[in-house]
Amino acid sequence: MHTENRTRSRQAPRPVPARQPTLSLRSRSMSFGVQRSDASKQIEPDTASGVLGSKVPITPPFPLAILAQVFNQSNMLRQCVAAYVTNIAMTGWEIVAADINTAMDEDEVAVLQSFIDSPNSEESLRTIGSKVVHNYEHYGHSYVEVIRDSSGTPSILRHALSRNMEICPKDETEVPVRYDITRGKRVSRVLEYRRFRIYRQTESGVVRYFKEMGDPRKLNCDTGEFESPTKKVPRDKEATELIHFRQLSDDAYGVPRWISQLPSILGSREAEEVNLQYFKDNTVPPMILSVTGGRLTGQSYRELKELLDKRGVGKERQNQILLLEAVAERESLDDSAPTVNLKVDKLTDSRPSDSLFQGYDEANQAKVRSSFRVPPVAVGLSQDVTFATANVATFVAETQVYSPARAYFDEVWNKSFVQNQQGLGLVTVALRSKAPVVTNPEILIRSLTALNVMGAVTPRIARDAANSILQINMPPLPEKGEEGYAPWMDEPIIFSSKTGSGNEGIDPAQAKTHNGQSQKDAGVKDVEDTGDVTPPMPEHGNE
């Protein structure tokens, strides 16, 4: 990681030599020879026919510009996508062991942690992950650009926009790729023939080509041509690689999960525009003026017509006062004064008291939410939501929606970049998304109390549980063999408090505290038996 980095995002990666597994990292039987040569016999639907070539992009199932426009006009899509980003990507990352039976290598932990903290000079992996999830739910597919340094090692990661990225068919040329694969206790070196594709990005008339992650060939980022014995690719023209995240679909791109609700999304937009136009134009007048036995004067007629035609619409005419004069149309035969009546009839009953299509719009929003399978409280709709229903909805969404989605992104990151021998090639570590705490803390406390009665809780377990439940960061207790370690740290709390076996290695004041725990009153025993930590209500008269 200390080699000189080329920060141009169009620099092409060099093939990384396959990492040799070592016995110090895996205590398994090793086999280093190429065991078999495999190639898929499936008919690829998007394989280049040879007539147009592999540089002609595949037409996406839905125009990306239309998807962007629909997303910006919807009154529910943005909230649903934001819920996915918050619960999938913004929880952060952690480093775990790739194999529970193999300890993590410190050097590999440091390498992976550096990418979590600073995949590039401006962002963290959490920020890149949030952009990936946002484009993934917006367009149905998203991309991460992998930039290598001069030695061919991945050094920089950047998010690539989906709105201007086009996918080209897979090349007919089969490229040999060698990698290690584990089958039981045997690690074999496999030679597989794969077909790779290239990607084309167009912005303001400028075209740029990228190659698929793991493709060992050199690609010219300006022409989209691979290097040949007669045509070399200059170093500053080598294309970078893309990691492709796609939703499950029959096409090469990936279709957003909300596409089936497109009529509902467009219908809600039309309903809102009808309501907006209604308020702007004040379509139905609040009253009607009728003249009986006469006619308006010319001046009054002109003022009324000007008010209706020229003096604005909507809110500008809400509180205007109009003075009208009327004269008799003819004189009476008996010389009596003619009667002119001006009558105003209210039309408020004909005007809707609320927005039009309100029920239709609410039903459409529910349909869009159902395509994402998110509860109303996750998108800011808290009507008729209680604490109990919110807890159940959050638990269902976490177990059925967010957790499986995080597992998918973790798998792509690990298979394509972290553990891929054309990527970082790490053996003992893996990347895993952090999961939020969705369990009720009161239930956890009751569970720990009941487990403590059975002797299943040690001070070390209790401290780890407190860090998780209370979202704090208490320092861990020393491990066995480290300075400051005492046996009581790994002994069940209830047993060590009764026998006093946890007093070794602690001062007398602490020992007295532990011995004092063996004398329990009825209240403490009742809490341990029932697990109920709710404070008791005072008896009547003792408030």
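What you see is a predicted model, and the numbers here were worked out from it, not measured in a lab.
- The CZ atom of Arg126 sits 10.5 Å away from the OG atom of Ser433 when rounded to the nearest 0.5 Å.
- Note that the CG atom of Asp99 and the OG1 atom of Thr428 stand 10.0 Å from one another [nearest 0.5 Å].
- The minimum heavy-atom distance between Leu64 and Ser162, with the atom names listed, is CD1-O, 3.3 Å.
- Glu145 and Thr240 are linked by a side-chain donor-acceptor pair at a separation below 3.5 angstrom, with hydrogens and angles left out of the test.
- Between the side chains of Asn414 and Asn420, not a single donor N or O lies within less than 3.5 Å of an accepting N or O.
- You'll find the side chain of His244 reaches within 4.5 Å of the side chain of Ile167, heavy atoms only.
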Next item on the list: Kindly determine whether Val132 and Phe409 satisfy side chain to side chain contact (heavy atoms under 4.5 Å, CB included), including the steps that lead there.
Entry: CA-CA 9 Å; Val132 168; Phe409 285 103; 3.9 Å; yes
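- Side chains of Trp413 and Leu125 form a contact here, defined as non-hydrogen atoms less than 4.5 Å apart.
- Under the salt bridge (Lys or Arg N to Asp or Glu O under 4.0 Å) criterion, Lys367 pairs with no residue at all, not counting sequence neighbours.
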Margin query: If you apply the rule salt bridge (charged side-chain N to carboxylate O under 4.0 Å, His left out), what do you find for Asp171 with Lys55, and how did you get there?
Written below: CA-CA 9 Å; Asp171 192 19; Lys55 294 195 302 181; over 6 Å; no
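- For Tyr139 and His134, the distance between ring centers is not under 6.0 angstrom.
- Between Trp93 and Asp410 the shortest side-chain heavy-atom distance falls below 4.5 Å.
- Glu398 and Asn87 form no side-chain donor-acceptor contact under 3.5 Å, judged by distance and modelled atom types alone.
- No side-chain N or O of Asp149 forms a donor-acceptor pair with one of Ser155 less than 3.5 Å apart.
- Between Leu67 and His138, the closest heavy-atom pair is O-NE2, 3.6 Å.
- Side-chain atoms of Ser188 and Arg186 include a donor-acceptor pair closer than 3.5 Å.
- The main-chain N or O of Ser114 is never found under 3.5 Å from a side-chain atom of Ser118 such that the two would form a donor-acceptor pair.
- Between Arg194 and Glu212, some side-chain heavy-atom pair lies under the 4.5 Å cut-off.
- Pairing each heavy atom of Ile88 with each of Ala405, the nearest pair is CD1-CB, 3.4 Å.
- Separating the OG atom in Ser130 from the CD1 atom in Ile128 is a distance of 9.0 Å, to the nearest 0.5 Å.
- Within the 3.5 Å criterion, the main-chain N or O of Val412 finds a donor-acceptor partner in the side chain of Ser416.
- If you run ring pair (Phe, Tyr, Trp, His ring centres under 6.0 Å) between Tyr136 and each of Phe245, Tyr253, Tyr408, only Tyr408 comes through.
- How far CZ of Arg257 is from SG of Cys80: 10.5 Å, rounded to the nearest 0.5 Å.
- For the pair Leu77/Ile265, a side-chain contact is recorded, criterion being any heavy-atom separation below 4.5 Å from C-beta on.
- No donor-acceptor pair closer than 3.5 Å links the side chain of Thr91 to the backbone N or O of Ala435.
- Checking side-chain atoms of Ser403 against main-chain N and O of Thr399 turns up no donor-acceptor pair under 3.5 Å.
- If you run salt bridge (Lys or Arg N to Asp or Glu O under 4.0 Å) between Glu241 and each of Lys218, Lys211, Arg148, Arg217, only Arg148 comes through.
- Taking every heavy atom of both residues into account, Val429 and Glu108 meet most closely at N-OE1, 3.8 Å.
- Around the CD atom of Glu106, the shell of radius 6.0 Å holds no more than 12 heavy atoms that belong to other residues, nucleotides or ligands.
- Between Phe210 and Ile198 there is no side-chain heavy-atom pair separated by less than 4.5 Å.
- Looking at Asp490 and Tyr485, their side chains do bring a donor and an acceptor atom within 3.5 Å of each other.
- Without hydrogens or angle criteria, Thr86 side chain to Ala83 main chain gives no donor-acceptor distance under 3.5 Å.
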Next item on the list: Show your working on salt bridge (charged side-chain N to carboxylate O under 4.0 Å, His left out) between Arg432 and Glu94 and close with a plain yes or no.
Entry: CA-CA 5 Å; Arg432 186 174 69 182; Glu94 61 182 350; 3.0 Å; yes
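- Paired with Tyr179 under the rule side-chain hydrogen bond (donor to acceptor under 3.5 Å, both in side chains), one option of Gln422, Gln421, Glu192 passes, and it is Glu192.
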Next item on the list: Determine, stepwise, if the pair Val85 / Met90 fulfils side chain to side chain contact (heavy atoms under 4.5 Å, CB included).
Entry: CA-CA 6 Å; Val85 172; Met90 297 306 293; 4.1 Å; yes
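- For the residue pair Asn135 and Ser142, no side-chain donor N or O sits within less than 3.5 Å of a side-chain acceptor on the partner.
- Side-chain contact, Arg78 with Asn72: a donor N or O sits under 3.5 Å from an acceptor N or O.
- The two residues Ala430 and Gln419 have their closest heavy-atom pair at CB-NE2, 3.6 Å.
- The salt bridge (Lys or Arg N to Asp or Glu O under 4.0 Å) search around Arg246 returns none, not counting sequence neighbours.
- What you find for Asn120 and Glu123 is that their closest heavy atoms are OD1-N, 2.8 Å.
- The CG atom of Leu242 sits 13.5 Å away from the CZ atom of Arg158 when rounded to the nearest 0.5 Å.
- By the 4.5 Å heavy-atom criterion applied to side chains, Asn75 and Asp361 are counted as neighbours.
- Side-chain atoms of Glu203 and Asn164 form a donor-acceptor pair, as typed in the model, at a separation below 3.5 Å.
- We find the NZ-CZ distance between Lys170 and Arg197 to be 5.5 Å, quoted to the nearest 0.5 Å.
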Next item on the list: Take Val379 and Val374 through the side chain to side chain contact (heavy atoms under 4.5 Å, CB included) test and state the conclusion after the steps.
Entry: CA-CA 8 Å; Val379 295; Val374 295; 4.0 Å; yes
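- Side chains of Tyr199 and Glu166: a donor-acceptor N/O pair is absent below 3.5 angstrom, by distance only.
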Margin query: Determine whether Asn364 and Val368 satisfy the following criterion, side chain to side chain contact (heavy atoms under 4.5 Å, CB included), listing intermediate values before the conclusion.
Written below: CA-CA 6 Å; Asn364 288 342; Val368 175; 5.6 Å; no
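- Between the side chain of Thr389 and the main chain of Val385, no donor-acceptor pair closer than 3.5 Å is present.
- Counting only heavy atoms from C-beta outward, the side chains of Phe372 and Glu137 approach each other to under 4.5 Å.
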